[in-house]
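All chains are named by letter (A, B, ...) in the order of the sequence lines, taking the proteins before the strands, and each is independently numbered beginning at 1.
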4 protein chains.
Amino acid sequence: MTLSARSLRSDAARNRELLLAAAEEEFAKRGMDASIADIARRAGVAKGTVFRHFATKEELVAVVVGGHFVSLGAVAGELLESADPTGALLEFLAVAAEQLQHQDLVFLQAVTEGDSTVTECRNQLHARTNALVDRAQEAGGIRSDVTGSDILLILCALVHTVGLRTEQTPDSWRRHLIILFDGLRPQGASPLPGPVSERL
Amino acid sequence: MTLSARSLRSDAARNRELLLAAAEEEFAKRGMDASIADIARRAGVAKGTVFRHFATKEELVAVVVGGHFVSLGAVAGELLESADPTGALLEFLAVAAEQLQHQDLVFLQAVTEGDSTVTECRNQLHARTNALVDRAQEAGGIRSDVTGSDILLILCALVHTVGLRTEQTPDSWRRHLIILFDGLRPQGASPLPGPVSERL
Amino acid sequence: MTLSARSLRSDAARNRELLLAAAEEEFAKRGMDASIADIARRAGVAKGTVFRHFATKEELVAVVVGGHFVSLGAVAGELLESADPTGALLEFLAVAAEQLQHQDLVFLQAVTEGDSTVTECRNQLHARTNALVDRAQEAGGIRSDVTGSDILLILCALVHTVGLRTEQTPDSWRRHLIILFDGLRPQGASPLPGPVSERL
Amino acid sequence: MTLSARSLRSDAARNRELLLAAAEEEFAKRGMDASIADIARRAGVAKGTVFRHFATKEELVAVVVGGHFVSLGAVAGELLESADPTGALLEFLAVAAEQLQHQDLVFLQAVTEGDSTVTECRNQLHARTNALVDRAQEAGGIRSDVTGSDILLILCALVHTVGLRTEQTPDSWRRHLIILFDGLRPQGASPLPGPVSERL
DNA sequence: GATGAATGAGGGTTCATTCAT
DNA sequence: TATGAATGAACCCTCATTCAT
């Protein structure tokens, strides 16, 4: 009974994963203009099934975006244990960029504004990124006038351009990430104007 | 008749400008989701008039985006005369960012893919940016492994985030631009992987 | 086995009652717009269970409506024994109105058109109401040109308005019922045009 | 020019009338469940055209319902000039019932709750009906404990049943109207409980 | 050239109904 | 028998685009 109950649910769970994967790809391609119909088609389910799993298109976006925040937060959490603070920050950026390659968090986040679950995930990611930055700064690895918010924002921005150039130079963001990182070095850093807000 | 023909033409020209200005503002606010109806309303003309001037919404976008390319190209052209190559590049970035503040070229460009006029404008902008970069590199002002494409792309990416954070820290891109520029310094630059394509 | 079979059956019977009660309330609140999902939720069962008991939403409506017919028919049956024919009719109307207060039979019946069970129940109610009317007419209590159909129809109509005015004057139908009854008096009654059909 | 402008508008005006007529019929048949698609089809226009004329389904309902209020109000207004107050009230009821034959105002009004234009129309109708009733009462033609609200409500209720019985006895409401009117006679009227609200 | 009415495809969402478990 | 996941038709509504005037 438990088994059958579980297997029933596992079908549903499978659809949920298919839907999230499909949504990920469709949102990556078309942003919020991705249609529920396309997502359903890609997942191989009927349109109605989408709404069984996610009450609203916005909720679907929130889950997708929230998932990224959680996942990035986990990466940051692990790297906070690293013995090499500066290297940890660099690795965080690399891993994060790799992971975000197909998503434009900055863009999709706009839709999610106000969803408390997503906000929470984001805040945690934020806190951890700030911690990573703090440690790198204390170690003298990066300039002291930069914040975690700056870095996350730039990171998202860089990744944003990926989708548009896939066929040509899908890896250009790697170059740009290094330029960014070089811009974070403390030696000879130019002074920055006004602070960035704490929100991502 | 010549008179009336001319006045008609000047009326039409005026409408065209009104429409472009309105489109600029609406696209800035809502991206491609801006509706023709809203643009027409803001321009003070009827919906049908939009299509008399621009066969398609995409064409309207193309003209707006193309306008930005031309305008940025002009800025780059002037700065190519500057006696201070490195300063010229920095200034170009600052002016471009300022100008793009309300437009997301990278985003809107996707729609324009394939429009030959826009491509041409973009190529010119590209060529001039490359020239600016070359001169700065020759002067030893910036690292030698970076291209004009890299810089334009990063610039657009940074500006992309502006719209979403208007109320909080509308100027965060200024901070990020400086970080970018610091990342361009030749001293101790980390090696970059593979080249970026020539296309913007 | 008998035991478990029986317990299953009584569970099913219980669910059936729960569903009918839930349907009654939901239909009262939202008419035919009440959703199966809401009814199931209110009854505390799964959606699928609704369809095990009632093949169709229409069938569920038919059973609910039929139940009212049966119940009203029973009331009429009892009152046929009364020693005061005119008082019996008045009481019938009062009791019926009270009972229908939350249901719009005339409305819901439209959906039931053609269901033979409901038709049967309705015919019985009809017959008994006609009998009540006949007796009252013989006793000289009400005008002779009115039929049971007239009265049932008017009754349903009056009750129909109840739902819409709940907060304001939930009892206005009591006033209207009396006006109706006064209209039934034989003294000085105006002649009525053409007969009403026998169907409710 | 005025001519052409007007003819353009007259096409639109024609569609508007076609739509209102179609809406009238569809709402009569299915109440609020009438679909925009059906209304458009019946009017012979595309779905989108409905929304050009009426921003919302509710607005369409409001216009239809409001139209009835206005029209009934006009009838009442004329009859207020009559030399025979009691006859005027009877005629008002007859004309109103005739006109409402295919509409269930009480039902559709629920949707319109809160629309200020409709409310205004309804209030005027209300005021005039009250005036008709007052005059009939002063003339001793009808019982003194009844209000215009009572009468309108009953009238709508009676008419409500029409639609459901079209094929059988479409005119049964004529019978019921007379019964209602007989119930309004002052002689031997039974006392009515609590007052009805002023709102229709 | 300009207008704005008309079109119709497509979008998000709901819901009765079916069916595997 | 009961469950609840899946389906797909239908709904209201938006919007780029066309066209008669």
Taking side chain as C-beta onward, heavy atoms only, is C:Ile36 less than 4.5 Å from C:Phe51?
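With C-beta onward as the side chain, the pair touches.
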
Side chains of A:Leu60 and A:Leu20 in contact at under 4.5 Å (non-hydrogen atoms)
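Answer yes - side chains close enough.
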
Who pairs with B:Ser35 by side-chain contact (heavy atoms from CB on, under 4.5 Å), at least two apart in sequence or on another chain?
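For B:Ser35 the side-chain contact (heavy atoms from CB on, under 4.5 Å) partners, ignoring immediate neighbours, are B:Arg30, B:Ala37, B:Asp38.
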
Which residues pass the side-chain contact (heavy atoms from CB on, under 4.5 Å) test with D:Val70, sequence neighbours left out?
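Testing D:Val70 for side-chain contact (heavy atoms from CB on, under 4.5 Å), a comparison that skips the adjacent residues, returns D:Cys121.
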
Using the salt bridge (charged side-chain N to carboxylate O under 4.0 Å, His left out) criterion, which residues pair with [X]? Sequence neighbours excluded.
X        : answer
A:Glu26  : A:Lys29, A:Arg42
B:Asp115 : none
B:Arg14  : none

Roughly how many Å is it from [atom1] in [X] to [atom2] in [N], rounded to a whole number?
X       : N      : atom1 : atom2 : result
A:Asn15 : F:dG4  : CG    : P     : 17 Å
D:Phe54 : F:dC12 : CZ    : C1'   : 16 Å
C:Arg41 : F:dT3  : CZ    : C1'   : 15 Å

Comparing A:Asp38 and B:His53 on DNA chain E - which has the more 5′ nearest nucleotide:
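The residue closer to the strand's 5' end, by nearest nucleotide, is B:His53.
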
Nucleic acid contacts - residues 55-63 of chain B versus DNA chain F, non-hydrogen atoms under 4.0 Å
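Going residue by residue through residues 55-63 of chain B, the ones with a heavy atom under 4.0 Å of DNA chain F turn out to be B:Thr56, B:Lys57.
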
Considering only heavy atoms, which members of residues 43-52 of chain B lie under 4.0 Å from some atom of DNA chain F?
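Going residue by residue through residues 43-52 of chain B, the ones with a heavy atom under 4.0 Å of DNA chain F turn out to be B:Lys47, B:Phe51.
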
Secondary-structure notation, DNA chain F, from Watson-Crick and G-U pairs under 3.5 angstrom (| other strand):
.||||||||||||||||||||

Which residues pass the side-chain hydrogen bond (donor to acceptor under 3.5 Å, both in side chains) test with A:His68, sequence neighbours left out?
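A:His68 satisfies side-chain hydrogen bond (donor to acceptor under 3.5 Å, both in side chains) with A:Glu24 only.
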
Only counting residues at least two apart or in another chain, list the ones meeting side-chain hydrogen bond (donor to acceptor under 3.5 Å, both in side chains) with D:Thr117.
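Not a single residue meets the side-chain hydrogen bond (donor to acceptor under 3.5 Å, both in side chains) criterion with D:Thr117.
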
DNA chain E contacts among residues 16-36 of chain C, heavy-atom distance under 4.0 Å
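Correct list: C:Ala34, C:Ser35, C:Ile36.
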
When rounded to the nearest 0.5 angstrom, what is the spacing between CD1 in B:Ile39 and OG1 in B:Thr49?
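It is 13.0 Å, given to the nearest 0.5 Å.
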
Pairs flagged by salt bridge (Lys or Arg N to Asp or Glu O under 4.0 Å) wherever residues 44-62 of chain A is involved - sequence neighbours left out
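Of all non-adjacent pairs touching residues 44-62 of chain A, none passes salt bridge (Lys or Arg N to Asp or Glu O under 4.0 Å).
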
